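Below: the structure, in structure tokens.
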Amino acid sequence: MYEKFLIIVDPQNDFIEGGSLPVSGARSAMQQLAEFVKSNSAEFSTIFVTQDSHPENHCSFSSNGGIWPVHCVRDSSGFEVFPQLQEVLSGLNNVEYCRKGTYSGVEQYSIFAYSDGEITNPDGKKIISVLAKSSSPQIVVCGIAGDVCVMNTLNDLVKIRKSADDIAVAQNFTASIDGGEKLEAFCKENNINLLNL
Ligand SMILES: [Zn+2]
């Protein structure tokens, strides 16, 4: 019997249309995801929600020499989970929130921040230890942005688990800056299943 897990990458207001770093199609993807989670949450042992959680002086901000506008500053409204999704998640008891990018000098596109064979983010370690306890996990990944944080998360996940057999991407719950091309090519190259749920 498969045990299913869902990883929702950065479903945060700043990445939704109207936010400081908006990704086209993010609102619709997150609305569809909220509906899906509402009806299907019980299928998943754990729903992991990752959040960019930056201090004001984060190195990824253009004001600090980085390439992105200021986004997802801890405890700002842009940091919060998209309200329609948050409302659904708040009613569940199988949700784990995981934070990344918490140190000013470190960029972490992936919750695992996998480097030199080590998972360097503590919340990423927690996810992997939960997955490791399952004899046959099925891991579905979705979120924003498909060609940045979702792709980096997948790249680490495949390396850490040394296989992509049990990993899938929910395309309809993912929004990419480039419209989805890069993520789709990456998934095909790495034998990651592409789903529309
Ligand atoms: Zn960020």
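Keep in mind that what you see is a predicted model, and the values were worked out from it rather than measured. All residue numbers in this chain count up from 1 along the given sequence. When a ligand or atom number is given, it counts from 1 through the structure's own listing order.
Between His71 and the choices Asn13, Asp52, Asp10, the side chain to side chain donor-acceptor pair (under 3.5 Å) rule is met once, by Asp52. The side-chain contact (heavy atoms from CB on, under 4.5 Å) with Lys100 is formed by just one residue from the set Cys149, Pro122, Ser53, Ser110; it is Cys149.
Taking the side chain as every heavy atom from C-beta outward, Asn152 and Asp156 never approach each other to under 4.5 Å. Using a 4.5 Å cut-off on side-chain heavy atoms (C-beta onward), Ile16 and Ile144 make contact.
Inclusion of Asp52 in the first shell of the Zn ion (ligand 1) is supported: an N, O or S atom falls under 2.8 Å. Among the backbone and side-chain atoms of Cys149, no N/O/S atom is found under 2.8 Å from the Zn ion (ligand 1). Metal site remark for the Zn ion (ligand 1): His58 contributes no N, O or S atom at a distance under 2.8 Å.
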